[in-house]
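Step one of this worksheet: look at the structure below.
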Protein chains: 2
Amino acid sequence: MTVAYPGPAVVVEDVAAAVEVMRSQGLRVSASRRVVLTVLFAAPGPVPAEQIADGLGGRFPLSDLGSVYRNLETLERVGLVRHLHLGHGPGLYAVAERDNQEYLVCEHCHAVRAVSPTDLDAVRGRLRDDFGFTASFGHFPIVGRCADCRDAPPRDHDHGHEHGRHA
Amino acid sequence: MTVAYPGPAVVVEDVAAAVEVMRSQGLRVSASRRVVLTVLFAAPGPVPAEQIADGLGGRFPLSDLGSVYRNLETLERVGLVRHLHLGHGPGLYAVAERDNQEYLVCEHCHAVRAVSPTDLDAVRGRLRDDFGFTASFGHFPIVGRCADCRDAPPRDHDHGHEHGRHA
DNA sequence: GTGGCACCTGCGAATGGGTCGCAGGAGTCT
DNA sequence: AGACTCCTGCGACCCATTCGCAGGTGCCAC
């Protein structure tokens, strides 16, 4: 990880278009990079690296987790991929264009709600007005209680093994 | 970690008072638990477990990191301690009463700004109004750009090895 | 003040997520 | 087709944290 210069998100809507971007950036188009992109496009939301290495349930076998991480980093550097951290648990990766969203995560039921950045502008505005701080909830989401769990008793407030369903 | 039932924060202002709470909870007051508390009270802000095991620069030598983790968990369960995650990097621990704060972390210069929960009520209010979501920024802070770094170019957006100074 | 028993400690090994170095393999350009 | 890199797979490694176990110790009762 540690993406030195995460480029601005590049908009592509399929693997072929992503491959074009890769070529235009001087990156080689290898089989494993195609698989990484294929899995990311096929996934319903952000997925952990290990799931990418599994090749979407064995349909696209990929051998090496280390290479997956390197490819994710490379693809993130050119802006095709992004990653985020939902609480604890492994980092999650997604196609940048398809996932330029910000997240609200319920610490109780682990539900994940994706919202478009503009929906959070009012919140961001308050933070800027009150603290001169410009928040971004893409990489580290907002954690708290969703409406359903507002009054639920505390349970445990650590580990994020379960990746809540997306709303 | 994985605190099963993090009790409500217990308010104590020194090690002696914390020891009282421990006794009242049926916990044994061991030397190493005293050291953990002493270090936490002496620290200027949240500190990683390893720094606790170091015993505040060797002044209070503690042998075993594993025991430190176990004690932190135990003390957190009774509400004397809490922990949080500032970006990447190890978890940070603090005396619950002294640190019932919420945090804003700059992803660029890693500065950490502690604010009292009430100062974020307006922000929380917007989130509740707009999404029915009750946010808490104590365990996972708000990440973004502080005023100084608002217009700085992107640099890297991962790893939090440096624990920014507190504001 | 001395047992005794459960709890706590220290140690070491293990786990999970992620990175790195290296040697060989495969895109790409000509 | 050749050559030059980059990319891959493998294994070792790192860090933060957890776990199992055997032995030590705080605390309560007598």
Side-chain angles (χ1 to χ4, degrees), chain A residues 1-4 19-20 22-37 46-55 60-78 81 83-93 156 158-163, chain B residues 1-4 19-20 22-37 46-55 60-78 81 83-93 156 158-163:
Chain A
M1 96 169 27
T2 302
V3 175
V19 164
E20 282 316 296
M22 288 173 63
R23 285 195 209 282
S24 79
Q25 297 290 317
L27 295 178
R28 292 184 184 172
V29 180
S30 65
S32 79
R33 284 181 179 169
R34 267 182 208 280
V35 171
V36 168
L37 288 167
V47 292
E50 193 156 7
Q51 193 168 323
I52 297 170
D54 284 352
F60 308 93
L62 256 192
S63 41
D64 182 41
L65 188 54
S67 294
V68 169
Y69 277 110
R70 278 181 300 217
N71 283 333
L72 287 169
E73 182 189 334
T74 300
L75 294 173
E76 186 158 14
R77 190 159 42 229
V78 300
V81 163
H83 82 274
L84 65 149
H85 302 271
L86 298 189
H88 305 103
L92 303 180
Y93 295 82
D156 69 273
D158 244 359
H159 72 343
H161 297 163
E162 28 272 314
H163 309 116
Chain B
M1 87 174 35
T2 301
V3 174
V19 164
E20 283 316 296
M22 289 173 62
R23 284 194 211 282
S24 78
Q25 297 292 315
L27 295 178
R28 293 188 183 167
V29 179
S30 65
S32 80
R33 284 181 178 167
R34 267 181 208 280
V35 172
V36 168
L37 288 167
V47 292
E50 192 155 10
Q51 193 167 324
I52 297 170
D54 284 353
F60 308 93
L62 256 191
S63 41
D64 182 41
L65 188 53
S67 296
V68 169
Y69 276 109
R70 279 180 299 217
N71 282 332
L72 288 169
E73 182 189 334
T74 300
L75 295 172
E76 187 159 12
R77 190 160 43 229
V78 299
V81 163
H83 82 272
L84 64 151
H85 302 272
L86 297 189
H88 305 102
L92 303 180
Y93 296 81
D156 69 273
D158 245 0
H159 73 342
H161 297 165
E162 29 272 314
H163 311 114

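So you know, we letter chains A, B, ... as the sequences are listed, proteins then strands, and number each from 1. Side-chain atoms are counted along with the backbone in the values below, which use heavy atoms only and exclude waters and symmetry mates.
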Quick one: CD on A/Glu50 to CG on A/Asp54, what's the gap to the nearest 0.5 Å?
6.0 Å
Answer yes or no: does a side-chain N or O of B/Ser30 lie under 4.0 Å from OP1 or OP2 of D/dT25?
no
Could you state the CG-P distance from B/Leu92 to D/dA16, rounded to the nearest angstrom?
11 Å
DNA chain D: A/Gly26 or B/Gly66, which has the more 5' nearest nucleotide?
A/Gly26
Determine yes or no for a side-chain-to-main-chain donor-acceptor pair under 3.5 angstrom, with B/Arg33 supplying the side chain and B/Arg28 the backbone.
yes
Separation of atom NE2 in B/His88 from atom C1' in D/dC14, rounded to whole Å:
16 Å
Of the nucleotides D/dA16, D/dC7, C/dT28, which has the atom closest to the B/Tyr69 side chain?
D/dA16
OH of A/Tyr93 to CD of A/Glu73: how many Å apart, nearest 0.5 Å?
8.5 Å
Just to be sure I understand the rule, does A/Leu65 reach a base, reach only the sugar-phosphate, or reach nothing, if contact means heavy atoms closer than 4.0 Å?
nothing
Atom-to-atom span, CG of B/Leu75 to P of C/dC8 - whole angstrom
10 Å
If you check the A/Ser32 side chain, which of C/dT9, C/dC11, D/dT8 turns out closest?
D/dT8
Reported CG-to-CZ distance for the pair B/Asn71 and B/Arg34, which is rounded to 0.5 angstrom
12.5 Å
Please report the closest heavy-atom contact between A/Ala49 and A/Leu72, naming both atoms and the distance.
CB-CD1, 4.0 Å
Check the phosphate of D/dC7 against A/Asn71, side-chain N and O only, distance under 4.0 Å to OP1 or OP2. Yes or no?
no
Which nucleotide wins on minimum distance to the side chain of A/Arg70, given the candidates D/dC7, D/dG9, C/dG17?
D/dG9
Which one, C/dC11, D/dG9, C/dC8, comes nearest to the side chain of B/Asp64?
C/dC11
Rounded interatomic separation in angstrom, taking CD from B/Gln51 and P from D/dC15
16 Å
Nearest-Å distance for atom pair CG/P, residues A/Leu72 and C/dG17
15 Å
Please give, in whole Å, the distance from D/dT5 C1' to A/Leu27 CG?
13 Å
Can you tell me which nucleotide in C/dG27, C/dC22, C/dG18 comes closest to the side chain of A/Arg28?
C/dG27
Between C/dG10, D/dA16, D/dC27, which nucleotide has the shortest distance from any of its atoms to the side chain of B/Ser67?
C/dG10
Roughly, in whole Å, what's the span from CG in B/Leu62 to P in C/dT9?
9 Å
Rounded to whole Å, please give me the gap between CD in A/Glu50 and P in C/dG16.
9 Å
